[in-house]
Amino acid sequence: MRKELAKTYDPQGIEDRIYKNWEEKKYFHAEVDRTRKPFTIVIPPPNITGQLHMGHALDNTMQDILIRFKRMQGYNTLWQPGTDHAAIATEVKVIDSLKKQGINKNDLGREGFLEKCWEWRAEYGSRIVNQLKKLGSSCDWDRERFTMDEGCSKAVQEVFIKMHKKGWIYKGSRIINWCPVCKTSISDAEVQYEEQAGHFWHIKYPLIEADGSVSRTRFLEFATTRPETMLGDTAVAVHPEDERYQDLIGQKVFLPFVDRQIPVVADEYVDREFGTGVVKITPAHDPNDFEVGKRHGLPEINILNDDATINENGGKFAGMDRYACRAQIVRELEEMGLLVGIEDHVHNVGTHDRCGTTVEPMIKPQWFVKMDELIKPAEEAVRNGDIKLIPKRMEKTYFNWTGGIRDWCISRQLWWGHRIPAYTCDKCGEITVADSMPETCPCCGHNSLTQDPDTLDTWFSSALWPFSTLGWPDKTEELDYFYPTDVLVTGYDIIFFWVIRMIFSGYEQMGEKPFHTVLFHGLVRDALGRKMSKSLNNGIDPLEIIRDFGADALRMTLITGNAPGNDMRFYNERVIANRNFGNKVWNASRFIMMNMKEGEEAGDVMPEGLNAEDKWILSRCNTVVREATENMEKYELGIAVQKVYDFIWDEFCDWYIEMVKPRLYQSDDEKTREAALWTLQTVLITSLKLLHPYMPFITEEIFTTIQSREETIMLSAWPVYREDFSFPHEEEGIGLVKEAVRAIRNVRAERNVAPSRKAKVIIVSEDPAVLDIFREDEIFFRTLAFASETVLAADKSAVPEGSVSAVLPQETIYIPLADLLDVAAETERLKKEEKRLLGELKRCEGMLSNERFLAKAPKAKVDQEKEKQARYQQQLEGVRRELDQLARM
RNA sequence: GGAAUCGUAGCUCAGCUGGGAUGAGCGUUCGCCUCACACGCGAGAGGUCACGGGUUCGAGCCCCGUCGGUUCCACCA
C-alpha cells in the first residue's frame with residue numbers, strides 16, 4: 001500500500017471534506033426500525049439569534065460523543081436537531097435592526113413586524129446550524145425542527161387548550177416582573193439580581209390625630225430604598241406584637257403629595273428588628289406588599305406607566321421618569337421636614353436578564369400555569385430515580401426549585417412567538433380558549449371577538465421539545481419509537497428554565513418521562529476563570545479555534561481535564577497539546593502505513609507466532625477497551641478518553657512501536673514481521689475506534705486510508721473486550737522489561753553517557769523465571785537501552801569490578817562503565833537508596849505488627865503488605881551488597 | 001439569610017465506593033535532529049493534598065469547625 005501522508009496532520013480542508021461526505025451518505029439519518037434499539041438525544045435548541053460559543057461547543061461535543069458511541073455500538077441513534085425562536089432575544093434584535101433603518105416596530109404593525117422576524121430567521125437562523133456542523137455534530141439534519149414551525153406550534157396550542165380546560169392555565173391579575181424597556185412581563189426565572197449601591201431613605205409620615213387633622217408632632221418613621229413608590233402606598237405595617245406600636249394599630253397616617261390617609265396595619269411579615277420596625281406598604285409595586293395587601297384588603301394603586309414613568313395616580317409627578325421622580329420626592333420631603341436621613345445601602349436589585357433593565361413589580365392581568373399539581377410527578381421522578389441527574393449534586397438544586405415553586409407567568413407582551421389562543425368577546429368580555437377564532441361568543445352570542453395580543457414565554461414551546469419534535473400531538477411512528485428519549489445534555493444554568501419544565505410537560509402530556517438521564521456540564525470560562533461575556537470581551541470563538549487547530553483538538557480540550565459538571569478554564573496551551581496528540585496519532589498511523597505492503601491489511605484472525613510484546617500490547621489494548629467503554633457507559637467521557645490518550649501515546653507509540661521497529665526494518669523472518677504488522681494495525685484500528693467519538697475527523701481520515709473493508713469508521717463496530725486477547729503473563733513480562741530498560745536509561749542519563757556509547761548489560765536474578773523473560777526479550781536491551789550485549793546470570797560472579805548498578809525488586813542490573821564510576825557518588829546514591837528502603841521497611845513492619853490492623857484490615861491488604869515487605873527486604877540486601885563492594889574498592 | 005462547589009507540583013486541573021501521591025497537560029532542568037512524529041524522543045527536579053479538630057487499624061477522600069475563591073437560590077422594606 002505504502003500510502004504517503006503529510007508529515008504533520010493539517011485538519012483544514014480535511015474536516016469539511018469528511019463532514020460533507022458523511023452528510024451526503026446520510027450516515028446521520030435515522031429511520032424507525034423496530035428490529036433495533038433506539039438511542040435518542042434531543043438537542044437543546046440554540047436560539048436563532050445565536051452564534052456558536054464555547055458553551056454550545058461543549059454541550060454539542062458531549063452529545064455527539066454519546067451519539068457516535070451508541071451508533072457504533074449498534075443502536076439506532078437519533079440526534080434530533082432544531083432551533084428556538086427565542087422570543088424576546090429575537091424581537092430585540094429585529095427591533096434593533098429596524099431602528100437602524102429608521103423603522104419603528106409599531107409603525108409596521110403586528111403582521112408587518114412578524115414578516116420582518118421571519119425574514120430575519122431566514123437570514124440568520126441557519127448560521128448556528130452551520131457552525132454546529134463545523135464541530136462535527138452528527139445530527140439528523142433531515143429532521144431539523146423549529147419551535148415555531150407548524151408542528152411545534154400545533155403542539156403549543158394543544159397544550160395550552162388542554163391545560164386551560166383542566167384549569168391549570170388561568171388568567172389572573174398578579175404581581176409580575178415588568179421590564180420597562182422591553183415592555184413585557186417576565187417570569188421569575190428571568191429576573192437576575194444584581195448588587196447595586198443605593199440608599200436607604202429614612203422618612204416619616206405624620207399621624208392623623210383623633211380630630212382628623214394631620215399631626216405636627218407625632219410621626220411614624222420607616223426606611224425605604226424606593227421612595228417614589230410611596231405614591232402608591234395604601235398602608236403602613238408594623239408587627240402585631242411590637243410593643244412600640246400597639247396603640248397605633250388601626251390609626252391612620254398622612255401620605256404626602258397624594259394627600260391620602262392610610263391605615264397602620266399589623267402583619268407578621270414585618271421584622272421588628274429591622275430598621276424602625278415599620279414598613280410602608282405598596283401592594284401594586286412589591287411582591288411582599290402585594291401579599292400584605294391581600295391579607296388586609298388594601299387597595300392596589302398602580303402608579304407606573306409601562307415605560308416606568310409615573311402615571312396619573314402620581315399626582316403632580318405624573319409623566320416623570322421613576323428615578324427623576326425619586327430624586328424630586330426626596331428633595332421635597334426634605335423641604336417638608338419629613339426626611340429623617342439618608343444612608344448608603346448596598347442592595348440587590350432585580351434586573352431583566354436580557355437587557356439589564358431594573359424590573360418593576362407591577363400588577364397586570366397575565367396568563368399563568370398552575371404549578372402545584374404539575375410539579376409533583378417531576379419531583380417524584382427525580383426522587384425515585386426514574387430520572388437520573390448527573391452529577392448527583394444537581395438534584396439539590398433541582399429540589400430547591402421544585403420545593404418553593406410559584407405559578408409560572410407565561411404571557412409576554414411581545415409579537416414574536418406563539419400567540420395565546422384566547423379570544424375575548426368585544427361585547428360581554430367573556431374569554432374563550434380555542435384553536436381558532438370562534439364565530440360567535442359562546443356566552444352572549446356576539447359575533448365580534450378579539451384574540452389576546454400576548455404571546456407565550458419562549459420556554460413554553462421548548463418545554464414540549466422532546467415530543468413536539470417527534471410529531472406530537474399526532475400519534476407518529478417516530479413518537480412511539482424514539483420517545484422517551486435517552487439523555488439530555490445541558491448546562492446547569494437552565495435547570496429551572498428548561499429541564500424541569502420539560503420533565504413536568506413530559507409526564508403531563510405524554511404520561512411518561514422525556515428522558516432517563518440528564519447529563520450536566522459546567523461553564524466554559526476564560527484562562528483567568530472568568531465567565532466569558534460580551535461586556536468583558538473575553539469570549540473565545542470556537543470557530544477560530546477550529547480554524548487554527550481543528551475541531552478534533554477543540555473537542556478534546558472541552559472534554560478532558562475536568563470533572564463532570566464542573567466549570568472549566570479554556571486556554572490555548574491545552575488546545576495545542578491536543579492538536580499535538582492528533583499529530584501523534586497521525587504519525588503513528590503514517591509509520592504503520594509506510595510499513596504495509598500492497599494489500600497487506602490485517603484480518604480478523606490472530607496470526608500464529610506473536611511475540612511477547614505483541615501479546616502485551618493486545619492485552620493492554622483489550623483492557624483499555626473494557627475500561628473506556630465502562631467509563632463511557634457511566635458518562636465519564638473525560639476519564640474514558642484520557643485512558644485512550646495515555647494508552648496510545650505512552651504504551652502504543654513510545655513503547656510498542658519502538659519495540660517492534662527492528663522486526664519491520666531488518667527482519668529476516670517474514671512471519672515475525674507480519675505478526676508485528678498485524679498487531680500494529682489491529683491495535684491502531686481499535687484505538688481509532690475508541691477515539692472516534694471524541695476526534696471524529698482524524699480517526700475517519702486515517703481509518704479510510706489504512707483499511708478498505710469498511711467505508712467509514714462512524715458505522716464500524718465499537719470494540720469489545722475479548723477473552724482471547726487477554727495475556728496476563730506477557731503483560732507482566734513486558735512490564736519487567738520496561739522497568740529494566742528505564743532503569744538502564746536512568747543510570748546512563750545520570751552519568752551523561754552518550755547514546756552512541758554502547759555498553760554491556762548484566763542482569764542478575766535468583767529467579768529463573770525472571771531470567772527467562774529477559775532472555776526472550778533480550779533484543780530490547782540492545783534497541784532501547786543501548787546494550788552491546790546482554791548477560792543473564794543467577795549470581796554476580798561474572799560482574800566486573802567497578803560496574804554501576806541499578807537495584808530493582810526482582811533483579812539487579814550491572815553496567816560495566818568502570819571509567820565512569822565515581823565511587824564516592826555511587827556510595828552516596830546507594831546510601832540514599834538504603835535509607836529509603838529502611839524507611840519503607842519500617843512502615844511495613846509497623847503496619848504488620850499492628851494487631852488492630854491485622855485484625856480489621858482486609859486480608860488482601862495484609863498480604864499485599866507482606867509482599868511489599870519481602871520485596872523491600874530483597875532490594876535492601878542487594879543495595880547492601882553493592883555498598884560492601886564499593887567499600888572494598 | 002439558605003445552599004452548592006472548589007482550595008492537591010510554578011500554572012490549569014485529574015484523583016473511582018477511605019489503603020503507600022508511578023497523577024496529567026503546560027512550564028522548568030539535563031541529554032538527544034534515533035530512517036512515524038522537534039506538534040518529537042529519553043531522563044530528571046518539583047507536593048506539610050488550605051488550616052484546626054474528630055471518626056478509623058488507616059483520610060487528599062468521611063464528619064465538625066475556621067479561612068479563602070466561585071456559583072446558585074431567596075431577597076428585609
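Chain identifiers are assigned alphabetically (A, B, ...) following the order of the sequence lines, protein sequences preceding nucleic acid strands; residue numbering begins at 1 within each chain.
Distance A:Asp646 CG to B:rG25 P: 7 Å, rounded to the nearest Å. Straight-line distance from the CG atom of A:Asp650 to the C1' atom of B:rU22: 12 Å, rounded to whole Å. Between the NZ atom of A:Lys738 and the C1' atom of B:rU22 there is a distance of 11 Å, given to the nearest Å. The nearest whole Å value for the distance from the CZ atom in A:Phe549 to the P atom in B:rC26 is 14 Å. Atom NZ in A:Lys758 sits roughly 15 Å away from atom P in B:rC32 (whole-Å rounding). In this structure, A:Arg852 places its CZ atom 6 Å from P of B:rC57, rounding to the nearest Å.
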Can you give me every donor-acceptor pair (side chain of residues 579-586 of chain A, partner residue at least two apart or in another chain, under 3.5 Å) with its distance?
{"unit_1": "A:Asn583", "atom_1": "OD1", "unit_2": "A:Tyr9", "atom_2": "N", "d": "2.9"}
{"unit_1": "A:Trp586", "atom_1": "NE1", "unit_2": "A:Ala6", "atom_2": "O", "d": "2.8"}

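In this structure, B:rA74 makes no Watson-Crick or G-U wobble pair, since no nucleotide meets both defining distances under 3.5 angstrom. Look at B:rA21: it lacks any Watson-Crick or wobble partner with both distances under 3.5 angstrom. Under the Watson-Crick or G-U wobble criterion, with both distances below 3.5 Å, B:rC49 is left unpaired in every strand shown. The nucleotide B:rC67 finds its pairing partner in B:rG7, both defining distances of the Watson-Crick or G-U wobble pair being shorter than 3.5 Å. Base-pair partner of B:rC16: not found among the strands shown (Watson-Crick or G-U wobble, both distances under 3.5 Å). With both pairing distances under 3.5 Å, B:rU28 is matched to B:rG44 as a Watson-Crick or G-U wobble pair.
When the ring pair (Phe, Tyr, Trp, His ring centres under 6.0 Å) test is applied to A:His199, the partners found at least two apart in sequence or on another chain are A:Trp201. The ring pair (Phe, Tyr, Trp, His ring centres under 6.0 Å) search around A:Tyr245 returns none, not counting sequence neighbours. The ring pair (Phe, Tyr, Trp, His ring centres under 6.0 Å) check on A:Phe496 picks up A:Trp401, with sequence neighbours excluded. In this structure, A:Lys388 has no salt bridge (Lys or Arg N to Asp or Glu O under 4.0 Å) partners at least two apart in sequence or on a different chain. For A:Arg525, the salt bridge (Lys or Arg N to Asp or Glu O under 4.0 Å) criterion is met by A:Asp567, not counting sequence neighbours. The ring pair (Phe, Tyr, Trp, His ring centres under 6.0 Å) test applied to A:His296 returns no partner, not counting sequence neighbours.
Among the heavy atoms of the strands, none lies under 4.0 Å from A:Arg530. Contact annotation for A:Tyr872: base contact, defined as any heavy-atom pair under 4.0 Å involving a base atom. A:Ala577 comes within contact range of the sugar-phosphate backbone alone, with a heavy-atom separation under 4.0 Å but no base atom that close. Backbone-only contact: A:Trp649 has heavy atoms under 4.0 Å from sugar-phosphate atoms and none from a base. The residue A:Ile592 sits apart from the nucleic acid: no heavy atom pair falls under 4.0 Å. Here A:Cys844 lies out of heavy-atom contact (under 4.0 Å) with every strand.
One finds a side-chain N or O of A:Lys661 lying less than 4.0 angstrom from the OP1 or OP2 phosphate oxygen of B:rA36.
For the atom pair CG (A:Leu220) and NZ (A:Lys280), the distance works out to 13.0 Å, reported to the nearest 0.5 Å. How far CG of A:Leu558 is from CG of A:Asn578: 9.5 Å, rounded to the nearest 0.5 Å.
At a cut-off of 3.5 angstrom, counting only N and O atoms as typed in the model, there is a donor on one side and an acceptor on the other between the side-chain of A:Lys584 and the base of B:rC37.
For residues 549-571 of chain A, the set of pairs meeting the ring pair (Phe, Tyr, Trp, His ring centres under 6.0 Å) definition, not counting sequence neighbours, is empty. Pairs of residues two or more places apart, or lying in two chains, that qualify as salt bridge (Lys or Arg N to Asp or Glu O under 4.0 Å) and include a residue from residues 548-564 of chain A are A:Asp64-A:Arg555.
Nucleotides B:rG23 and B:rU5, compared at atom P, are 29 Å apart to the nearest Å.
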Under 3.5 Å, which N/O atoms of the protein pair with N/O atoms of nucleotides 43-45 of chain B?
{"unit_1": "B:rG44", "atom_1": "OP1", "unit_2": "A:Asn746", "atom_2": "ND2", "d": "2.6"}

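Checked by atom type, the side-chain pair A:Asn631/A:Glu636 shows a donor-acceptor distance below 3.5 Å. For the residue pair A:Glu343 and A:His202, a side-chain donor N or O sits within less than 3.5 Å of a side-chain acceptor on the partner.
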Review point. For every nucleotide of nucleotides 72-77 of chain B, 5' to 3': is a protein heavy atom under 4.0 Å from its base (B), only from its sugar-phosphate (S), or from neither (-)?
Key: SSBBBB
Point to revise | Reading 5' to 3' through nucleotides 9-19 of chain B, protein heavy-atom contacts under 4.0 Å coded B for base, S for sugar-phosphate only, - for none | key: ---BSS----B
